[in-house]
Number of protein chains: 2
Amino acid sequence: MSTHAAARVAAPTRREQILKEAARLFAERGFHGVGVDEIGAAVGISGPGLYRHFPGKDAMLAELLVGISERLLAGGQLRVSEDASGDRSPEALLDALIEGHIDFALDDRPLITLHDRELDRLRDTDRKRVRRLQREYVEVWVAVVRDLYPALPEHEARATVHAVFGLLNSTPHLGRPGALPGRTDTAALLHRLARGAFGAAGEPKAV
Amino acid sequence: MSTHAAARVAAPTRREQILKEAARLFAERGFHGVGVDEIGAAVGISGPGLYRHFPGKDAMLAELLVGISERLLAGGQLRVSEDASGDRSPEALLDALIEGHIDFALDDRPLITLHDRELDRLRDTDRKRVRRLQREYVEVWVAVVRDLYPALPEHEARATVHAVFGLLNSTPHLGRPGALPGRTDTAALLHRLARGAFGAAGEPKAV
DNA sequence: AGAGGTTGTTAGTGAGCGTTAACGTATCCC
DNA sequence: GGGATACGTTAACGCTCACTAACAACCTCT
């Protein structure tokens, strides 16, 4: 709307630059471990200039966490709704969810880190909102998993989903940014691992 | 040694009380989010009284993280060395590692949280030491996994181990302390999931 | 040209917090 | 009894850091 910039690659606005750098710094040193001066320096302005774009440091974290949660949920819901006609197999649906989550975990590693690390630094209202979005996202997965493995009790399905999130979100521990042996291979490996875990949950005897 | 106390249940010394409460508080609100006054209050003394037991706040975190890493590594090495005669199957050995890690993840949830969350707050020397211990622990697992699945390339084995750690360490997300549907069942489920993931890593075609 | 909005700047303020100082008290040992 | 030691206390210091105030440069529109 307000930006009549070239429709090309959508030049990153100042706000977006700030959010991106803040995410990186928060992930590296923690919310309390990063000063506003550092965030400003990372985008070329210094210190209190940030307050032209955000009402405070908390607001940056809040916008980051709410944004992540909303995008994750929206992505999951989109993939499920694409299957509204029910023509896809439950396996394919679960694969789609896994693939989407892996894309996210590989492309936005700082955000993944923040997502379960700095949630407690939010104001009550924001924290509740993020938790709600997270819960809804989990429920999307649980529904698909239980569709695929009807014999799996609900609480086990939920615990399994949380555990698989832990597995997929391990990407920040896999070495520094470029150390991965190829994004495609890593994604494929994580996918296999996740499917293996779900399979073990749903078909215990196969172990 | 210095404590000639009753051999009974080993009455917790002040230092141990402090470490336990500090671990809980650090896990709940982050290292920088907790003040020394709070830690003191949690053990019945207030504020600077802590400095009779620790040279500083950093030292508490360092002792916690080094302690965790050492216990994890020692536990893993012990389980492997028990098999020095080689009479146990690789499967049983991997199961023993998984079981030990699960016990740890279920019994010391705050420490698990700290373990990968507050590492960067340590002084260089302590951080390097913890990283070294963590790396050695990973290598113990990698050796066992590659023994079980010789066809698995080393970097994939290592990534898989990290991912399974993420899976097992998801216990803090499984609801508040008492909400687990029975410790035994949770442990069994996590064990199945981990074995499923390893199996998928080692036998890709089975998927 | 000049008013107004946007986006910076630097200097300062006030609160929080880790740490130290100075001081009390109980216990142990001779 | 009387030091030494262990373990607390409260008061204060000093630094960091989020945030505000006051001011300046540029862009746009009439």
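Order of the sequence lines fixes the chain letters, A, B, ..., with proteins taken first and strands second; residue numbering starts at 1 for each chain.
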Looking at His53(B), does any N or O in its side chain come under 4.0 Å of the phosphate oxygens OP1/OP2 on dG8(D)? yes
Nearest-nucleotide pick for Ile45(B), side chain only, options being dG18(C), dC19(D), dT9(D): dT9(D)
Surrounding CZ of Arg71(B) (heavy atoms of other residues, nucleotides or ligands, distance under 6.0 Å), is the total greater than 12? yes
Starting at CG of Asp37(B) and ending at C1' of dG8(D), how long is that distance when rounded to a whole Å? 14 Å
Identify which nucleotide among dT9(C), dG18(C), dT10(D) has an atom closest to any side-chain atom of Val36(B), counting heavy atoms from C-beta outward. dG18(C)
Would you mind reading off the distance between Tyr51(B) atom OH and dA22(C) atom C1', rounded to a whole angstrom? 17 Å
Mind checking Val43(B) for me? I need base, sugar-phosphate or nothing, with any heavy atom below 4.0 Å counting as a touch. nothing
Answer yes or no: does a side-chain N or O of Arg14(A) lie under 4.0 Å from OP1 or OP2 of dG8(C)? yes
Please give, in whole Å, the distance from dG16(C) P to His32(B) NE2? 17 Å
From CD of Gln17(A) over to C1' of dT7(C), roughly how many Å is that when rounded to an integer? 13 Å
Have a look at Gly56(A) and say if it touches a base, only the backbone sugar-phosphate, or nothing, with a 4.0 Å heavy-atom cut-off. sugar-phosphate
Ranking dA18(D), dT9(D), dT9(C) by distance to the side chain of Ser46(B), first place goes to dT9(D)
Leu50(A) CG to dT9(C) P, in whole Å, measures 9 Å
If only atom types and distance count, is the side chain of Ser69(A) paired as donor or acceptor with the main-chain N or O of Leu133(A) below 3.5 Å? no
Is Arg52(B) close enough to dT9(D) that one of its side-chain N or O atoms is under 4.0 Å from OP1 or OP2 there? no
Between Pro48(A) and Gly33(A), whichever has its closest DNA chain D nucleotide further toward 5' is Gly33(A)
I'd like to know if the side chain of Arg24(A) and the backbone of Lys20(A) have a donor-acceptor N/O pair within less than 3.5 Å. no
Atom CZ of Phe54(B) and atom P of dG18(C) are separated, to the nearest Å, by 15 Å
Looking only at atom types and distance, does a side-chain atom of Arg127(B) sit under 3.5 Å from a main-chain N or O of Arg121(B), one as donor and one as acceptor? no
Look at the aromatic rings of His101(B) and Tyr137(B) and report parallel, tilted or perpendicular, splitting at 30° and 60°. parallel
Using a heavy-atom cut-off of 4.0 Å across all strands, would you classify Gly35(A) as base, sugar-phosphate, or nothing? sugar-phosphate
Between CZ of Phe26(B) and P of dG18(C) the distance, given in whole Å, is 9 Å
Atom-pair distance (CD1 on Ile18(B); C1' on dG8(D)), nearest Å: 12 Å
